[in-house]
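Only one structure is covered here, and it is reproduced in the block below.
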Amino acid sequence: MTLEGTPTNESQAKASAATNRLSVAWPPFAEKLAAALAKLEEDQYLILLVKRTNRFVQFAAQGSYGMRVETTSNAYLSKPEKLNERQIATLLQNGWSDPTASPDESTPENDPDGSPNFFVEFPDPVSFTAVVNLAVRTLAEILRVPHPGSLQYDAFSADGEKIALPELGLQHEKPASHKDEQEDLPQLLLETLKSTTSIADLDYDDGDIGVRCGSAVVFVRLTNDPPFVRIHSHLLRGVEQSEGLLARLNDMNANEIVMHFIYRNDTVYAVADVCAAPFVAEHVALVFDHFCAIADGIDGFSG
């Protein structure tokens, strides 16, 4: 792996090497992956998913048209998971094509040669060595997946029949049904907030879970279709609109990647949304703690 820049001393060289060291488990996994891909027949699919995230690399066998490989774009990622500019630039440098449109626009009917994800087409006959090199490099070096054990897989045919690939040595994903997942979300959210706040008697009140964070009262609720955890708070009431107020809110929104600040009807609100499909307790707790720290620190605006 080539490192940018030249270390100025031995300690910097060791630090850089440690930061960029890859697990020795990746090369043998690459061999297993190549063997599994070679078994796929036309209209069969394999998805490698990073556990507890929405990130993936997926493979579609297309018979005489070769194989298409895709990796997740930011259109499907929540804010804590989104790819940064350097990761996106590195994907493009490694041969991935940019997403051609949004998920709503890039459908098989409207965009048959494009994708809402980053994608690469490998012509027939498929070089599985090239496919695997790109996939493993993407997972290990760009997405920074530390070890193949951080992955699980799903494999299936176009008619939905599951395909077992035990040679991968990975857990076969067994997702809960959409109905079961939706029914579990309220309890998952409540237990996450109880653990995060150490408040055992938290409960829902008209759809909201209310938590006092210093000077602010923060409310958390679930939204549906698609499911999100919405965190919101009335930060200031009885505030007169002024150019100074709006300018400061604009500055805060420009510098804040998680929260959004809104002025409406003499009130300043803060809002943050966390994707709940899948529900990742660590992400919800991280955004909630950040939201509370910021909300508690806001006690006035200069107009």
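Looking at Met259 and Met252, their side chains never come closer than 4.5 Å, going by heavy atoms from C-beta outward. The closest side-chain heavy-atom distance from His172 to Tyr153 is below 4.5 Å. The shortest distance between side-chain heavy atoms of Cys275 and Phe228 falls below 4.5 Å. For the pair Phe29/Leu168, a side-chain contact is recorded, criterion being any heavy-atom separation below 4.5 Å from C-beta on. Contact annotation: the side chain of Arg230 approaches that of Val271 to within less than 4.5 Å [non-hydrogen atoms, C-beta and beyond]. Between His283 and Arg52 the shortest side-chain heavy-atom distance does not fall below 4.5 Å. Glu141 places none of its side-chain heavy atoms less than 4.5 Å from the side chain of Val136. Side-chain contact check for Tyr204 versus Leu189: some heavy-atom pair is nearer than 4.5 Å.
Here NZ of Lys162 is found 3.0 Å from CG of Asp154. Values are rounded to the nearest 0.5 Å. One distance of note links SG of Cys292 with CD1 of Ile231; it measures 7.5 Å at 0.5 Å rounding. The line from CE of Met67 to CZ of Phe122 is 9.5 Å long, rounded to the nearest 0.5 Å.
Between the side chain of Asn84 and the backbone N or O of Arg86 there is at least one donor-acceptor pair closer than 3.5 Å. Judged by distance alone, with hydrogens and angles left aside, the side-chain atoms of Asn255 form a donor-acceptor pair with the main-chain N or O of Asp251 at under 3.5 Å. Side chain of Thr71 to backbone of Phe56: a donor-acceptor contact under 3.5 angstrom is found. Between the Tyr263 side chain and the Val239 main chain, a donor and an acceptor come within less than 3.5 Å of each other. With hydrogens and angles disregarded, no donor-acceptor distance shorter than 3.5 Å links the side chain of Glu70 to the backbone of Phe119. Side-chain atoms of Asn54 never come within 3.5 Å of backbone atoms of Leu77 as a donor-acceptor pair (strictly under, hydrogens ignored). Of the possible donor and acceptor atoms, none in the side chain of Lys32 sits under 3.5 Å from a partner among the backbone N and O of Glu167. Remark: side-chain polar atoms of Thr267 are not paired, donor with acceptor, to backbone N or O of Arg237 under 3.5 angstrom. Judged purely by atom type and a 3.5 angstrom limit, Asn74 has no side-chain atom pairing as donor or acceptor with the backbone of Lys82. Checked by atom type and distance alone, the side chain of Arg212 pairs as donor or acceptor with a backbone atom of Gly214 at under 3.5 Å.
Nearest heavy atoms, Ala270 versus Leu235: CB-CD1, 3.7 Å. Here the closest non-hydrogen pair linking Ala216 and Ser233 is CB-OG, 4.3 Å. Taking every heavy atom of both residues into account, Ser115 and Arg68 meet most closely at CB-NH1, 3.4 Å. Closest heavy-atom contact between Trp26 and His147: CZ2-C, 3.7 Å. Shown here for Val69 and Trp96, the closest heavy-atom pair between the two residues is O-CZ3, 3.4 Å. Smallest separation of non-hydrogen atoms from Thr100 and Ser106: OG1-OG, 3.6 Å.
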* **Residue pair Asp159, Ser157: steps toward the side-chain hydrogen bond (donor to acceptor under 3.5 Å, both in side chains) verdict** => CA-CA 5 Å; Asp159 60 9; Ser157 61; 2.3 Å; yes
* Would Leu22 and Arg144 satisfy side-chain contact (heavy atoms from CB on, under 4.5 Å), going step by step from the backbone distance to the final call? -> CA-CA 9 Å; Leu22 301 180; Arg144 305 305 300 164; 4.1 Å; yes
* Candidate pair Leu151 and Val50, rule side-chain contact (heavy atoms from CB on, under 4.5 Å), full reasoning -> CA-CA 5 Å; Leu151 303 173; Val50 184; 4.0 Å; yes
* Chi angles and distances behind the side-chain contact (heavy atoms from CB on, under 4.5 Å) call for Val229, Phe279 -> CA-CA 9 Å; Val229 174; Phe279 183 91; 4.0 Å; yes
* Asked: Where do Val258 and Val274 land on the side-chain contact (heavy atoms from CB on, under 4.5 Å) test, with the steps shown first?
  -> CA-CA 9 Å; Val258 174; Val274 187; over 6 Å; no
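Under 3.5 Å, the side chains of Asp104 and Ser102 contain no donor-acceptor pair of N or O atoms. Using a 3.5 Å distance cut-off with no hydrogens or angles, the side chains of His260 and Asp273 do not pair a donor with an acceptor. Side-chain polar atoms of Thr72 and Asn117 form no donor-acceptor pair below 3.5 angstrom.
The only member of Thr197, Val284, Ile294, Thr196 that meets side chain to side chain contact (heavy atoms under 4.5 Å, CB included) when paired with Asp289 is Thr196. Test Val131, Val132, Thr138 against Leu134 for side chain to side chain contact (heavy atoms under 4.5 Å, CB included) and you get one pass: Thr138.
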